[in-house]
Amino acid sequence: MELPAMDHDSLGGAIPRRGNRFTRGLGRLILGLLGWRMVGAIPDRAKMVVIGAPHTSNLDALVALGTALSLQVRIKVMVKASVFRGPFDRLFRWLGGLPIERAAAGGMVDQCIHAFGAHNQLLLGIAPEGTRSAPAQWKRGYYHVASGAGVPILPVVLDYERRRVCFMPLIEPSGDYEKDWPAIIGSFDTAFPRHPERLSAPLCEHLGWPYRGRGAPP
């Protein structure tokens with residue numbers, strides 16, 4: 001799929017925003033120094049689960065930060081609640097941390113669903129691979145959150161070959177993971193990891209690459 005260049009000034013009013021000229025310039029500087037650009041479009045929706053892949057490098061986080069800052073989009077990520085104490089509380093909330101009690105009844109999925117109900121606007125970022133080290137499966141929590149909260153999934157693809165952050169079309173979860181899986185993994189046709197040897201098994205299978213993770217055949 002050939003995606004159009006991202007129009008930085010075309011984001012709709014429903015999308016949660018943050019930042020100023022300085023942070024926007026900082027984000028553009030980060031992407032510029034790394035040689036990255038953005039393609040595709042962000043739908044004008046107030047609530048979405050944003051899934052990013054492939055995740056094989058610490059550099060992925062810097063690319064994600066530069067993207068969010070340059071677009072002035074406010075996106076939250078799950079962070080264990082114990083770090084939101086004292087002077088760090090305001091810092092982690094400013095950085096986009098969403099406090100999660102890992103030992104709470106109902107688990108992280110229920111807490112995230114509750115957060116969607118408690119916010120008028122919320123973009124929740126999740127890396128479904130869960131680790132940089134060639135996982136055999138994707139964690140399904142992102143899907144259960146989106147389905148339970150009644151919000152769409154926005155796939156965001158990292159393409160290290162062409163240095164692009166690709167915003168793909170929305171996926172409206174039906175509640176049937178197996179039914180929706182082909183559309184989800186199909187959104188990652190443009191994926192190209194920084195470290196192919198760490199690519200997750202689902203992406204390897206989809207892209208026709210050999211899986212080199214733990215438990216893979218020699």
Of all the heavy-atom pairs spanning [X] and [Y], show the shortest one and how long it is.
X	Y	result
W209	P196	CZ3-CB, 3.6 Å
S187	V157	O-CG2, 3.4 Å
D60	T56	OD2-N, 2.9 Å
P54	A191	CD-CB, 3.7 Å
G52	P128	O-CD, 3.5 Å
A201	A136	CB-O, 3.3 Å

Main-chain N/O of [Y] paired to [X] side chain as donor or acceptor, under 3.5 Å:
X	Y	value
H206	P202	no
Q121	K47	no
N58	A61	no

Which ring-ring contact (aromatic ring centres under 6.0 Å, His included) pairs, counting each pair once, include a residue from residues 10-50, with sequence neighbours left out?
W36-Y160
Tell me, which pairs form a ring-ring contact (aromatic ring centres under 6.0 Å, His included) where one or both residues lie in residues 168-187, sequence neighbours left out?
W138-W181, Y143-Y177, Y177-W181
For N120, all residues meeting side chain to side chain contact (heavy atoms under 4.5 Å, CB included), sequence neighbours excluded:
none
Calculate, to the nearest 0.5 Å, the distance between atoms [atom1] and [atom2] belonging to [X] and [Y] respectively.
X	Y	atom1	atom2	answer
M48	I42	CE	CD1	6.5 Å
L59	L34	CG	CG	5.5 Å
R164	M38	CZ	CE	13.0 Å
L124	I153	CG	CD1	11.0 Å
H195	R212	NE2	CZ	12.0 Å
I185	E205	CD1	CD	8.5 Å

Flag side-chain contact, heavy atom, 4.5 Å: [X] against [Y]:
X	Y	result
I113	H144	no
E129	K139	no
M168	V156	no
I126	V50	no
L69	R24	no
F192	R162	no
L11	R17	yes
I30	L62	yes

Restricting to pairs with a member in residues 147-156, which pass side chain to side chain donor-acceptor pair (under 3.5 Å), not counting sequence neighbours?
none
Could E197 and R132 be called an ion pair, given the rule that one side-chain N must be under 4.0 Å from one carboxylate O?
no
Hydrophobic clusters here meaning ILVMFWY residues chained together by side-chain heavy-atom distances under 4.5 Å, can you tell me if V165 and L29 are in one?
no
Would you check if there is a donor-acceptor pair between the side chains of R194 and S57 at a distance under 3.5 Å?
yes
Can you see whether S174 engages D180 through a side-chain donor-acceptor pair at a distance of less than 3.5 angstrom?
yes
Go through the steps to decide whether L71 and M6 satisfy the test side chain to side chain contact (heavy atoms under 4.5 Å, CB included), and finish with yes or no.
CA-CA 10 Å; L71 291 174; M6 171 73 74; 4.0 Å; yes
Dump the intermediate steps for side chain to side chain contact (heavy atoms under 4.5 Å, CB included) on I15 and D44, then the final yes or no.
CA-CA 6 Å; I15 299 171; D44 191 22; 3.9 Å; yes
Can you name the salt bridge (Lys or Arg N to Asp or Glu O under 4.0 Å) partners of E172, sequence neighbours left out?
R45
For R28, check salt bridge (Lys or Arg N to Asp or Glu O under 4.0 Å) against everything at least two apart and list the hits.
none
Please assess K76 against L122 for the test side chain to side chain contact (heavy atoms under 4.5 Å, CB included), listing each intermediate value before the final yes or no.
CA-CA 7 Å; K76 292 184 176 292; L122 178 59; 3.5 Å; yes
Can L123 and L154 be said to form a side chain to side chain contact (heavy atoms under 4.5 Å, CB included), step by step?
CA-CA 9 Å; L123 302 186; L154 175 62; over 6 Å; no
Should we say atom CD of Q137 is surrounded by more than 12 heavy atoms from elsewhere, each under 6.0 Å from it?
no
